[in-house]
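Labels below follow one simple rule: chain letters A, B, ... track the order of the sequence lines, proteins then strands, and each chain is numbered from 1. Remember, predicted model here, so these are calculated numbers, not experimental data.
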Amino acid sequence: MNLLPTEEQQQIVDMVRGFLAASAPLERLRPDKFGQIGNPDAALWPKMAELGILGLGVPEEGGGLGLSAVEEALTYIEFGRALVSVGVLGATLGAHLAARTMPDIAAAIMAGTSAVGLATPRGTVAGDDGIFSGEFHLIEANEADFIVLLTSDAIALFRRDEFMGQSERLSMDSHMRLMRAALESGKPLSWSSVKDGIDHARANLLIAAYATGVAEAALAGAVDYAKVREQFGKPIGSFQAIKHKCADMAIAAEVASCQVSFASVILSKNSDESRFHALASRIVAVDAALKNGATGIQVHGAIGFTAEVEAHLFVKRAHLIDFIGGDQRVQKGQFIGADAVI
Amino acid sequence: MNLLPTEEQQQIVDMVRGFLAASAPLERLRPDKFGQIGNPDAALWPKMAELGILGLGVPEEGGGLGLSAVEEALTYIEFGRALVSVGVLGATLGAHLAARTMPDIAAAIMAGTSAVGLATPRGTVAGDDGIFSGEFHLIEANEADFIVLLTSDAIALFRRDEFMGQSERLSMDSHMRLMRAALESGKPLSWSSVKDGIDHARANLLIAAYATGVAEAALAGAVDYAKVREQFGKPIGSFQAIKHKCADMAIAAEVASCQVSFASVILSKNSDESRFHALASRIVAVDAALKNGATGIQVHGAIGFTAEVEAHLFVKRAHLIDFIGGDQRVQKGQFIGADAVI
Amino acid sequence: MNLDYTAEDEIFRAEAREWLDANIPREVRPPDGPGMREFDLGWQRKQFEGGWAGVSWPVEYGGRGLSLTHQLIWYEEYAKAGGPNAELLFVGCNHAAPTIMARGTDEQKSYHLPKILSGEVAWCQGFSEPNNGSDLGGLKCRAEIVGDELVVNGSKIWTSSAHLADWQELLVRTDPAAPKHKGISWVICDMQTPGIELRPILIMTAPGHHHFNQVFYTDVRIPLSNVVGEVNDGWNVAMSTLGFERGTAGMLENIRYGAVVERLVDMARQRLGASALENDDIGQRLAQLRAEVTAVRAMTYRIASRAAIAPPGSEVSLARAFFSQLQQRIRRIALDIIGPDSIELPEDDPWIRPYLRTYSNTIAAGTSEIQRNIIGERVLGLPR
Amino acid sequence: MNLDYTAEDEIFRAEAREWLDANIPREVRPPDGPGMREFDLGWQRKQFEGGWAGVSWPVEYGGRGLSLTHQLIWYEEYAKAGGPNAELLFVGCNHAAPTIMARGTDEQKSYHLPKILSGEVAWCQGFSEPNNGSDLGGLKCRAEIVGDELVVNGSKIWTSSAHLADWQELLVRTDPAAPKHKGISWVICDMQTPGIELRPILIMTAPGHHHFNQVFYTDVRIPLSNVVGEVNDGWNVAMSTLGFERGTAGMLENIRYGAVVERLVDMARQRLGASALENDDIGQRLAQLRAEVTAVRAMTYRIASRAAIAPPGSEVSLARAFFSQLQQRIRRIALDIIGPDSIELPEDDPWIRPYLRTYSNTIAAGTSEIQRNIIGERVLGLPR
């Protein structure tokens with residue numbers, strides 16, 4: 001039993017963190033690029049493909065690196081810290097869904113030559129047995145060939161052209177592209193239900209890991225600022241009002257990080273408990289991202305609600321991921337209905 | 001428009017406060033009297049009757065002082081501050097219910113010669129048109145002749161012997177007496193529904209006023225302690241962690257007090273808005289009592305969860321009044337269903 | 001206690017309602033830029049001409065000289081009628097004018113007050129500096145007295161609409177040697193004076209929206225006659241203004257939020273069904289918010305009742321601290337009610353930008369932390 | 001990362017389960033008094049005889065010398081089997097013994113450790129004083145060195161079960177002239193020594209329940225050989241014990257709380273119906289608590305993983321601060337689920353007293369405020 005990364009796992013974390021520090025520093029989202037600029041990270045995909053990041057958890061026989069959900073989760077914490085476009089979720093999940101039966105598509109996704117967008121329900125999703133109808137949001141889908149749809153009880157890979165009436169919308173999170181679209185008895189290339197394997201749990205786990213990264217980055221930004229910003233002749237971090245806010249952020253991030261690690265090990269063993277632990281990790285981690293995002297702004301004071309520091313980006317991204325595949329309310333409804341795992 | 005007490009109203013407040021300071025200081029609830037001691041205030045009723053307090057808001061033609069819900073609410077804030085036995089609610093509400101049609105009973109209640117207990121549902125209440133069936137708790141009913149039943153949609157005055165199978169229970173709030181009992185098609189002496197007059201709204205208002213007093217007293221106790229208790233060489237109230245907790249308690253008490261005053265004026269005019277404003281006052285005031293009760297213990301530190309200071313009494317009393325006639329969950333359900341009043 | 005209005009009050013209310021019905025702008029208020037300036041000033045002019053611009057202003061300055069109760073009635077009717085949130089006027093009407101009334105010279109009063117009231121000019125505020133947000137007393141923007149002029153050098157920040165304003169209420173340090181609260185002066189600054197430069201600060205609510213500015217002063221010359229109150233007494237002058245902001249100036253906003261909650265209740269009933277709402281977590285939270293916003297109205301009335309006796313003191317921080325956090329909770333629940341479409345940001349979006357904007361509520365004009373210090377120390381008497 | 005157990009671990013787990021099944025006390029634990037003492041010591045003796053009392057204690061002190069993972073497995077099985085909360089043993093096993101192991105003399109070790117492990121004696125703690133709760137370093141209880149004895153005068157407070165304990169771990173000031181953390185000694189005190197008097201302190205959870213005491217020392221003579229570590233080095237000695245309490249000693253309690261939440265979920269399903277729970281406010285809050293308590297188990301595993309490399313440091317305050325408030329939220333929701341019968345307090349009440357008791361969770365062994373200072377300063381590196 002060990003919930004700390006192994007040396008090999010730490011090397012992967014360091015590699016991804018180093019790559020993102022060089023290629024995707026948070027400054028890329030600063031005001032000079034402010035506005036509806038779409039996916040700022042599309043150029044990263046081929047480089048990430050080269051490093052094997054897009055197929056990290058796909059089995060070797062499926063063309064991936066053959067690592068586990070543990071390494072995937074660790075990587076997604078880094079994606080969250082750097083606010084990498086959530087389009088990356090499309091690639092990872094799409095590669096998994098394609099790998100078993102459509103090796104060519106999986107290969108194209110993992111190579112970064114086929115982009116994969118995300119779809120999330122705007123309301124009720126109708127249909128069963130792998131036929132889907134309803135209204136959806138498409139995220140980072142404008143240049144995508146494929147779409148991964150996540151609902152509260154299924155995950156499915158579509159060709160983008162299955163989605164009808166695609167029309168662009170502005171988004172609260174200005175560093176991404178958003179569309180509305182619909183499925184009418186849409187037939188996926190591949191899909192699985194929440195009861196059927198761990199694809200769906202993996203989606204929740206990776207969202208949780210990403211959210212954990214957001215919570216950690218919001219914390220780091222707040223702490224750094226509290227150490228240097230002075231008021232009344234001393235650093236604001238010396239005042240309990242600020243110090244205790246930072247402590248609460250640290251607690252939230254630690255709670256999220258521990259449960260994400262725990263759930264990732266459970267998933268890596270293909271355990272029956274995967275759904276339970278993935279949902280638990282999603283609930284605490286999205287909560288941490290939302291809370292830390294909001295608290296980070298307050299710790300920064302007035303500069304916090306400007307576009308001149310990153311503080312506001314975390315809370316916006318936290319809201320975005322909250323809604324992918326169903327918000328906290330939906331997830332908690334699912335979770336309270338799940339069987340106990342003790 | 002004036003939401004401050006008039007000079008006459010302030011005189012009543014001062015009179016009641018002075019009476020309670022002399023006859024019912026908080027110290028009467030100290031550890032030497034700790035335990036299931038029942039109603040510590042039964043001896044107060046005759047004296048309060050003498051001062052006219054029990055019939056304060058009953059019309060003069062009904063034998064009362066003919067004052068309004070405003071004066072009643074101000075008085076109940078004082079009752080809450082002194083943690084007067086909640087049996088007093090039975091007397092006030094019982095006198096109102098009896099005054100219109102049963103002057104002898106009303107007179108006996110207001111004179112303090114007939115005690116009135118409270119009944120509150122333990123589960124669903126069946127029946128309509130003034131016939132009540134169900135399981136109830138009886139509060140301060142052991143020596144009572146009458147019982148006032150408060151449900152979420154009705155208020156009714158019974159003879160105590162309508163309640164069957166009365167059996168004593170220990171209570172979380174050790175300074176009162178509790179029984180279980182049942183009604184099977186019980187017929188009240190007098191009753192009214194939530195739609196019918198302001199009796200029901202008055203019950204919620206007086207509970208809110210009492211809760212406001214609890215919140216204020218918990219605040220006062222915490223502030224007094226924070227000024228004198230020293231740690232690390234200075235009063236704990238100088239640390240933001242404690243100072244801001246006290247500030248939050250002050251805010252909660254002020255919110256409750258303002259809305260109680262507002263609602264009391266609305267009731268005094270017999271307005272259609274009475275139910276809305278009484279519910280609003282109950283929700284914010286019980287919330288303040290619960291929060292301030294809990295925070296007061298934390299501000300006191302270790303001494304706070306002993307029986308050597310009063311801190312714990314406030315949160316216990318807050319829980320008790322929360323459940324009378326339906327807890328916050330029930331009240332909020334009622335309130336969100338109510339029509340808007342703007 | 002009473003909520004009664006005199007017959008005269010009721011007539012006033014009826015007149016207000018009638019005038020608002022007939023005159024309230026039907027066009028959408030531009031969110032920014034010269035169009036917004038034109039809209040806000042035009043609307044102020046219209047209110048002035050109708051006799052509604054300065055209900056509680058003294059008659060000698062062009063107002064009606066009526067009580068705070070009348071002002072409250074006006075705000076209530078204004079909120080009910082859906083009157084626009086003409087923010088550009090806020091500093092002039094609610095900060096600068098009350099300060100000039102209280103401490104200004106006759107020349108200052110007669111020159112500025114009519115212009116403010118009639119919608120001829122817009123004002124902005126120059127209090128905060130990059131290195132003093134919560135610690136207003138630590139401000140450094142320097143003004144040397146040279147002859148009969150102040151020569152200002154330094155910088156101010158968070159100046160709303162500096163690029164659209166004619167005048168600025170400016171706090172400068174005139175005596176760097178004095179204790180920090182004793183060397184400050186309150187000055188009227190003409191925004192057209194040479195040496196003033198602006199840098200827009202983009203905020204989180206709206207890509208491209210220009211609202212805040214940093215203002216740089218390089219040898220900006222201001223006549224000494226523009227000092228309000230005594231030189232070096234600016235801290236006391238400013239405090240009276242802040243008390244006003246924390247007291248009655250927020251009344252309109254307080255009242256307006258009742259309607260916001262009712263819109264949310266309607267939306268929730270539509271989306272979830274009225275009967276399902278009772279024990280639903282959204283229903284329960286909304287009930288709490290509805291009760292709290294109702295209480296805010298009661299708090300506003302109590303503040304007005306107190307203000308009829310004495311000027312607002314520190315106790316108004318209770319309402320302000322509560323309301324600023326309540327606004328955040330109210331705006332936050334909108335996302336839960338709207339659901340997935342919350343990630344959109346339509347041009348005419350009524351919920352998401354206001355939600356994001358509430359992040360500034362617990363920061364601007366005294367952070368929640370500073371408000372709690374004030375409550376702890378000045379209201380409850382806890383030691384510093 | 002892994003949650004794998006070796007074949008040897010699994011054998012250990014099976015043995016633990018089997019032994020617990022056969023030996024766990026079936027009687028109800030008396031809540032107080034000599035009966036409780038007898039119960040707790042008897043149960044400790046039984047565990048000792050079965051070889052389960054000191055799973056991770058070194059073999060030389062009578063333990064099994066196994067890893068923290070084994071200890072965790074034992075706790076998990078203990079919690080699953082519904083093992084009693086034998087609190088009287090806590091100070092001896094989790095405070096005094098680890099301290100004596102780390103800093104005691106050979107004589108102290110060989111005399112005390114076997115007695116503690118085998119359930120022969122009960123210990124209590126004498127750290128807090130009436131005038132120092134959060135500020136432990138400010139303690140004043142005085143011990144003068146007279147010959148080869150300490151002569152103690154002063155008072156301690158919040159001493160759980162002092163009236164049932166044989167020994168006390170006592171912090172005294174041996175050098176009043178030294179800086180406040182440098183004149184303290186950690187002493188083993190025999191509770192039968194003349195000059196010790198007790199005053200029971202009644203607590204809010206249970207009328208008549210005697211749990212806490214104030215302890216008065218009048219010329220209490222303790223052999224100098226009872227000092228653990230060096231004279232005047234007691235602060236450092238005590239800190240190692242506190243680290244232990246904040247680290248692994250709470251594991252059993254953490255694990256136990258998962259089962260508490262599941263009992264609440266079952267109660268809520270029964271009362272409200274499983275399908276109605278989904279969007280219900282109680283269902284939503286319970287889902288949150290269920291996720292959080294699941295995460296606490298993960299935090300416990302991470303602490304154990306770290307402890308396998310190095311002794312627990314300040315970072316364990318993260319889990320402790322979180323868990324103490326989580327317990328309050330968990331116990332609080334019980335009242336909402338139970339509904340009106342919450343105002344009762346049956347003799348065998350499983351919910352209300354535990355709820356009231358959680359008020360001490362955020363105070364005892366470091367208030368939430370102190371925990372947050374530690375996190376801010378020692379984990380995050382914020383300035384004092």
K.L.:
Do you know which of A:A241, A:G301, A:A311, A:G304 has the most heavy-atom pairs with chain C at a distance under 4.5 angstrom?
P.N.:
A:G301

K.L.:
What's the spacing between A:Q298 CD and C:T362 OG1 if we round to 0.5 Å?
P.N.:
3.5 Å

K.L.:
Under a 4.5 Å heavy-atom cutoff, which of C:Q328, C:R372, C:R199, C:K180 has the most pairs with chain A?
P.N.:
C:R199

K.L.:
Do A:L290 and C:R332 have side-chain heavy atoms sitting under 4.5 Å apart?
P.N.:
yes

K.L.:
So what's closer than 4.5 Å to chain C heavy atoms on A:L178: side chain, backbone, both or neither?
P.N.:
side chain

K.L.:
Is the CD atom of A:E168 crowded by more than 12 outside heavy atoms at less than 6.0 Å?
P.N.:
yes

K.L.:
Is A:E308 close to C:F212 at the side-chain level, that is, under 4.5 Å between some pair of heavy atoms?
P.N.:
no

K.L.:
Could you pull out all residues at least two apart from C:D349 that satisfy side-chain contact (heavy atoms from CB on, under 4.5 Å)?
P.N.:
C:L345, C:P346, C:W351, C:I352, C:R353, C:P354

K.L.:
Rounded to the nearest 0.5 Å, what separates atom CZ in A:F232 from atom CG in C:N373?
P.N.:
7.5 Å

K.L.:
Would you say A:H137 and C:D341 make side-chain contact, with heavy atoms under 4.5 Å?
P.N.:
yes

K.L.:
Taking CD in A:E184 as the centre, count heavy atoms belonging to other residues, nucleotides or ligands within less than 6.0 Å. Is the count above 12?
P.N.:
no

K.L.:
To check you understand the geometry: which heavy-atom pair defines the closest contact between C:I363 and A:A302, and what is its length?
P.N.:
CG2-N, 3.3 Å

K.L.:
Checking an interface table here. Which of residues 148-155 of chain A come within a heavy-atom distance under 4.5 Å of chain C?
P.N.:
none

K.L.:
Among A:I139, A:I236, A:I242, A:V315, which has the most heavy-atom pairs under 4.5 Å with chain C?
P.N.:
A:V315

K.L.:
Using non-hydrogen atoms only, which part of C:I157 is less than 4.5 Å away from chain A: side chain, backbone, both, or neither?
P.N.:
neither

K.L.:
Side chain, backbone, both or neither: which part of C:R271 has an atom under 4.5 Å from a heavy atom of chain A?
P.N.:
neither

K.L.:
Determine whether the aromatic ring centres of C:H211 and A:F305 lie less than 6.0 Å apart.
P.N.:
no

K.L.:
With a 4.5 angstrom heavy-atom cut-off, which part of A:K332 approaches chain C: side chain, backbone, both or neither?
P.N.:
neither

K.L.:
Tell me every residue that passes side-chain contact (heavy atoms from CB on, under 4.5 Å) with C:R142, counting only those two or more places apart in sequence or in another chain.
P.N.:
C:E144, C:P176

K.L.:
With side chains defined as the heavy atoms from C-beta onward, is the minimum distance between C:I343 and A:H319 less than 4.5 Å?
P.N.:
no

K.L.:
Go through the atoms of C:N361 and report whether side chain, backbone, both or neither lie under 4.5 Å from a heavy atom of chain A.
P.N.:
neither

K.L.:
Which bit of C:S128 comes within less than 4.5 Å of chain A, counting heavy atoms only: side chain, backbone, both or neither?
P.N.:
neither

K.L.:
Select all residues of residues 321-331 of chain A having any heavy atom within less than 4.5 Å of some heavy atom of chain C, and report them by number, or 'none'.
P.N.:
A:F323, A:D327, A:R329

K.L.:
Taking all atoms of both residues into account, what is the closest heavy-atom pair of A:K316 and C:M204, and its distance?
P.N.:
NZ-O, 2.6 Å

K.L.:
Looking at CD of A:Q231 and OG1 of C:T367, how far apart are the two atoms once the value is rounded to the nearest 0.5 Å?
P.N.:
9.0 Å

K.L.:
Please tell me if the side chains of A:E230 and C:N131 come closer than 4.5 Å, counting only heavy atoms from C-beta onward.
P.N.:
no

K.L.:
With only heavy atoms counted, which part of A:I303 is less than 4.5 Å from chain C, the side chain, the backbone, both or neither?
P.N.:
both

